[in-house]
Amino acid sequence: MMTTANVAGEGIKMNGEEVETAGVDSNTMVETENLTGEEAKTIAAAKKTVVARADQDQEQANFTGEVARQVQAVLDSPETAVLVAKRSYDTAKLAAGLALVTAFETKRATRQEALGGLRTAGGALTEGFSKAKIAVTDYRESVRLAYPGDKALQQSLGLSERVPQDQEKFLVYTHTCAATAKKAPHAKALDDTGFEITGYDSTLATFATARTNFLLAEQTAKSATVARDGAFKALNTWAQSFRRAARLALKARPELLNPLGL
């Protein structure tokens, strides 16, 4: 997967697959214990994508800064500005280009903030899920302690299946276990083992909230990425046309063209 940038030419050329979508930093979000071979490959690919996204974001920022510099250089040189205006890029149109630069920078900053929120939410989710799994392990061991050797009762309390690793299925499983555990005579039997159903419920509620917050943060980051990409596309289109016009306007005046880097 590659991207190349022609900063001094007509704009950034993106080759190969699209790599810029908001997502989770796999270094902070993915638990790596007990992974299958395919899961490990998926995580490795995700880490590469994170790096590619960062590279692309920096390319866009560099490109935008160069466009702003070139436009300002034209505005700062009356002679250059007159010649470029003859190719339809007058002061008003150059100002419109700078407005596109500002729009992109604003959208980019908004996205960076959204990704920061996503990372924070991701950390809370990872911590919440870890604590919830500990609480479920405690619950299952308490059931075995309350009903030693009674497979039928153990199975009725959720021990007939493995604990799901999918978070949505995990929540369904744990809530079902809790509902059964609160019924007589299980509530007293579990309480006698030292199991605290209120603490169990609180831990699961914290995890459920963290998951909801993460999903919201993920959607916010995705929307911010779409907005940033739209702003960059508009700027890139404008910049390509501006650079063509500038080269044509100044082709006979290299002393004016060269400072633009074109």
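Every value quoted in this text rests on a predicted model; they were computed, and no experiment measured them.
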Partner set under side chain to side chain contact (heavy atoms under 4.5 Å, CB included) for Ala103, not counting sequence neighbours
none

Quick check against the 3.5 Å criterion: does Thr106 have a side-chain atom that pairs as donor or acceptor with the backbone of Thr102?
yes

Flag the pair Gln112 / Leu115 as yes when at least one side-chain heavy-atom distance between them is below 4.5 Å, and no otherwise.
yes

What is the minimum heavy-atom distance between Tyr200 and Cys177, and which atoms define it?
OH-CB, 3.9 Å

Can Ser241 and Tyr89 be counted as having a side-chain donor-acceptor contact under 3.5 angstrom?
yes

If you apply the rule side-chain contact (heavy atoms from CB on, under 4.5 Å), what do you find for Lys151 with Leu159, and how did you get there?
CA-CA 8 Å; Lys151 295 296 183 180; Leu159 271 63; over 6 Å; no

Does the pair Val136 and Tyr173 meet the rule for a side-chain contact (heavy atoms from CB on, under 4.5 Å), with working shown?
CA-CA 10 Å; Val136 170; Tyr173 169 79; 4.1 Å; yes

For a 4.5 angstrom cut-off between non-hydrogen side-chain atoms, does Phe207 reach Gln167?
yes

Taking all heavy atoms of Ile197 and all of Ala181, pick out the closest pair and write down the distance.
CD1-CB, 4.5 Å

Check whether any side-chain N or O of Ser130 sits under 3.5 Å from a backbone N or O of Thr126 as a donor-acceptor pair, and report yes or no.
no

Does any part of the side chain of Phe195, heavy atoms only, come nearer than 4.5 Å to the side chain of Glu141, both counted from C-beta?
no

Kindly compute the distance separating CZ (Arg228) from CZ (Phe104), expressed to the nearest 0.5 Å.
6.0 Å

Does the pair Gln60 and Asn236 meet the rule for a side-chain contact (heavy atoms from CB on, under 4.5 Å), with working shown?
CA-CA 9 Å; Gln60 291 183 343; Asn236 194 32; over 6 Å; no

Is Thr174 reaching over with its side chain to a backbone N or O of Leu171, donor-acceptor style, under 3.5 angstrom?
yes

Side chains of Asp150 and Gln154: any donor to acceptor distance under 3.5 Å?
no

Answer yes or no: are there more than 12 heavy-atom neighbours, outside Lys131 itself, under 6.0 Å from its atom NZ?
no

Give me the atom names and distance for the closest heavy-atom approach of Leu235 to Gly97.
CD1-O, 4.1 Å

Indicate yes or no: at least one non-hydrogen side-chain atom of Glu168 is less than 4.5 angstrom from one of Arg211.
yes

Between atom CZ of Phe129 and atom CD of Gln165, what is the distance when rounded to the nearest 0.5 Å?
5.5 Å

The reported gap from CG in Leu118 to OG1 in Thr220 (rounded to nearest 0.5 angstrom) is 9.0 Å

Residue pair Asp229 / Lys233, side-chain heavy-atom distance below 4.5 Å
no

Nearest-0.5 Å distance, CG of residue Leu204 to NZ of residue Lys133:
13.0 Å

Test item: Ser156 side-chain N/O and Leu153 main-chain N/O as donor-acceptor pair under 3.5 Å:
yes

From Thr80 OG1 over to Leu260 CG, what is the distance, rounded to the nearest 0.5 angstrom?
6.5 Å

Quick one: are Gln72 and Leu75 in side-chain contact, heavy atoms under 4.5 Å?
yes

Just do the side-chain contact (heavy atoms from CB on, under 4.5 Å) check on Val143 and Tyr139 with the steps written out, would you?
CA-CA 6 Å; Val143 169; Tyr139 163 76; 3.7 Å; yes

4.5 Å side-chain heavy-atom contact, Ser142 and Asp138
yes

CG of Leu190 to OG1 of Thr180, rounded to nearest 0.5 Å, is 10.5 Å

Can you name the closest pair of heavy atoms from Pro164 and Phe170 and give their distance?
O-CD1, 3.4 Å

Please name the pair of heavy atoms, one in Arg111 and one in Ala224, separated by the smallest distance, quoted to 0.1 Å.
CA-CB, 3.7 Å

Residue pairs passing the salt bridge (charged side-chain N to carboxylate O under 4.0 Å, His left out) test with at least one member in residues 67-80, sequence neighbours excluded, are Glu66-Arg69, Glu79-Arg253

Just checking Glu113: does its CD atom have more than 12 heavy atoms from other residues, nucleotides or ligands closer to it than 6.0 angstrom?
no

Applying salt bridge (charged side-chain N to carboxylate O under 4.0 Å, His left out), which residue pairs with at least one partner in residues 169-190 are found, sequence neighbours left out?
Lys182-Asp201, Lys188-Asp192

Please report the closest heavy-atom contact between Phe242 and Leu94, naming both atoms and the distance.
CE1-CD2, 3.6 Å

I'd like to check Lys107 versus Phe232 (side-chain heavy atoms, cut-off strictly below 4.5 Å). Are they in contact?
no

Should the pair Glu105-Arg108 be classified as a salt bridge under the 4.0 Å nitrogen-to-oxygen rule?
no

